[in-house]
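Here is the structure we will look at.
Quick note: numbers below take in every heavy atom, side chains included, and nothing from hydrogens, waters or symmetry partners. This is a predicted model, so every value here is computed, not measured.
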Amino acid sequence: MMYEPMSRRLVISFAVIGVVLAVAGLIARPVNITVAVVFFLAAVSVLGLAGYGVLDRTIGGRKRSRSAN
């Protein structure tokens with residue numbers, strides 16, 4: 001089985017979903033703090049996945065370019 005880094009589309013999707021959840025948390029904050037905290041925690045998790053994908057693609061790209069030389 002060959003390892004492939006996360007696709008660019010998936011990284012962008014995670015980033016957009018994370019931003020949407022963060023904004024939803026800001027909107028829900030005055031109404032219900034519990035729901036807002038859940039939205040913020042979900043946003044942090046999804047943005048973490050997006051960050052991992054960016055890091056994975058960056059390091060994977062460097063490894064591929066070194067092995068091609």
Side-chain angles (χ1 to χ4, degrees):
M1 188 167 115
M2 190 169 160
Y3 173 77
E4 293 183 19
M6 214 181 275
S7 70
R8 181 174 291 166
R9 180 179 291 171
L10 190 60
V11 171
I12 291 171
S13 297
F14 281 145
V16 169
I17 292 168
V19 169
V20 168
L21 286 171
V23 170
L26 286 172
I27 292 171
R29 191 181 58 171
V31 178
N32 190 345
I33 192 69
T34 305
V35 172
V37 168
V38 170
F39 280 146
F40 283 131
L41 289 175
V44 167
S45 299
V46 174
L47 287 172
L49 284 172
Y52 173 77
V54 169
L55 184 64
D56 186 35
R57 290 184 60 81
T58 303
I59 291 173
R62 288 183 183 165
K63 284 184 181 179
R64 281 191 301 270
S65 66
R66 284 189 202 163
S67 64
N69 290 332

Given the rule that I, L, V, M, F, W and Y join up when any side-chain heavy atoms are under 4.5 Å apart, are Val11 and Ile17 in one cluster?
yes

If I compare all heavy atoms of Val35 with all of Ala28, which pair ends up nearest, and what's the gap?
CG1-CB, 4.2 Å

Same hydrophobic cluster for Leu10 and Val54, using side-chain heavy-atom links shorter than 4.5 Å among ILVMFWY?
yes

Distance-minimising heavy-atom pair for Ala43 and Leu21
CB-CB, 3.8 Å

Shortest non-hydrogen pair, Ala50 vs Ala15, comes out as CB-N, 3.8 Å

Do the side chains of Leu41 and Ile33 join up, straight or via other hydrophobic residues, at under 4.5 Å, putting them in one cluster?
yes

Between Leu47 and Phe14 the two heavy atoms that sit nearest each other are CD2-O, 4.5 Å

Is any side-chain heavy atom of Phe39 closer than 4.5 Å to one of Val23?
no

Nearest 0.5 Å, please: how far is CE in Met6 from CD1 in Ile12?
12.5 Å

